[in-house]
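Residue numbers run from 1 in the order of the sequence given. Values reported hereafter were calculated over all heavy atoms of this structure, with side chains retained and with hydrogens, waters and symmetry mates removed.
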Amino acid sequence: MYDYEITVADAAALLGENQKGSDAGQKIHLVDVREPWEYATAHIEGSTLIPMGEFAGRAHQELDPDDRLLILCHHGARSLSVTNWLRQQGFDAAQSVAGGIEDWSRRIDPTIPRY
């Protein structure tokens, strides 16, 4: 079982491997749980927006419990809450991206606006 949180560096590495077509078998998805206005302000290319308030109604229809889900928010609090809920729902490979998009912007991609 995976830790509940993953660093931005480890998340970026996983997503990079996923884009290269790594055949590890497990699909990796970056899911952003912020509000639409936050996503419009700053987001990571290739991420999927499912706002936290809509998550319970959409997760089982749009996400596969067998996939590796990296959950992202602004600083990491909302994503950790969503990750906890996902784990309770049987999404055992869900992880919260610690530090959120704020940390991603500071450590991985400074072109992403901070707000």
- Message: So, using side-chain hydrogen bond (donor to acceptor under 3.5 Å, both in side chains) as the criterion, who are the partners of H43 when residues are at least two apart?
- Response: none

- So, does S79 use its side chain to make a donor-acceptor pair with the main chain of L72 at under 3.5 Å? no

- Looking at residues at least two apart in the chain, or sitting in another chain, which of them share a side-chain hydrogen bond (donor to acceptor under 3.5 Å, both in side chains) with D109? T111

- Give a yes or no on whether I6 and I112 share a hydrophobic cluster (residues Ile, Leu, Val, Met, Phe, Trp, Tyr; joining criterion: side-chain heavy atoms under 4.5 Å apart). yes

- Query: Which pair of non-hydrogen atoms, one from A11 and one from L70, has the smallest distance, and what is that distance?
  - Reply: CB-CD1, 3.9 Å

I'd like a table of donor-acceptor pairs (distance under 3.5 Å, sequence neighbours excluded) in which one partner is a side-chain atom from residues 46-55, with atom names and distances.
residue	atom	partner	partner atom	Å
S47	OG	Y39	OH	3.3
S47	OG	I44	O	2.7
E54	OE1	R58	NH1	2.7

- Going only through I, L, V, M, F, W and Y residues with side-chain contacts under 4.5 Å, is there a path from L30 to L63? no

- Item | Contacts of R68 that satisfy salt bridge (Lys or Arg N to Asp or Glu O under 4.0 Å) - sequence neighbours left out | none

- Partners passing side-chain hydrogen bond (donor to acceptor under 3.5 Å, both in side chains) against E35 (at least two apart in sequence or in another chain): none

- Note on the structure: Residues A77 and C73: closest non-hydrogen pair is N-SG, 3.6 Å

- Query: Does any pair with a residue in residues 97-107 pass salt bridge (Lys or Arg N to Asp or Glu O under 4.0 Å), and if so which ones, sequence neighbours excluded?
  - Reply: E102-R114, D103-R106, D103-R107

- I71 vs D32, side chain to side chain contact (heavy atoms under 4.5 Å, CB included): CA-CA, chis, key distance, verdict: CA-CA 6 Å; I71 310 301; D32 195 318; over 6 Å; no

- Task: Enumerate the residue pairs fulfilling ring-ring contact (aromatic ring centres under 6.0 Å, His included) with a member in residues 93-115, sequence neighbours excluded, ordered by first and then second residue.
- Result: W37-Y115, H74-Y115

- Note on the structure: By side chain to side chain contact (heavy atoms under 4.5 Å, CB included), D67 pairs with (sequence neighbours left out) K27, H29, D64, L69

- Summary of side-chain hydrogen bond (donor to acceptor under 3.5 Å, both in side chains) pairs that have at least one residue in residues 83-94, sequence neighbours excluded: H60-Q89

- Query: Is the backbone of Y2 close enough, under 3.5 Å, to the side chain of Q95 for a donor and an acceptor to pair up by distance?
  - Reply: no

- Pairs in or reaching into residues 4-13: which pass side-chain hydrogen bond (donor to acceptor under 3.5 Å, both in side chains), with residues at least two apart or in two chains? T7-D10

- Search all heavy atoms of I28 against all heavy atoms of L15 and return the closest pair with its distance. CG2-CD2, 3.8 Å

- Query: Looking at residues at least two apart in the chain, or sitting in another chain, which of them share a side-chain hydrogen bond (donor to acceptor under 3.5 Å, both in side chains) with S105?
  - Reply: none

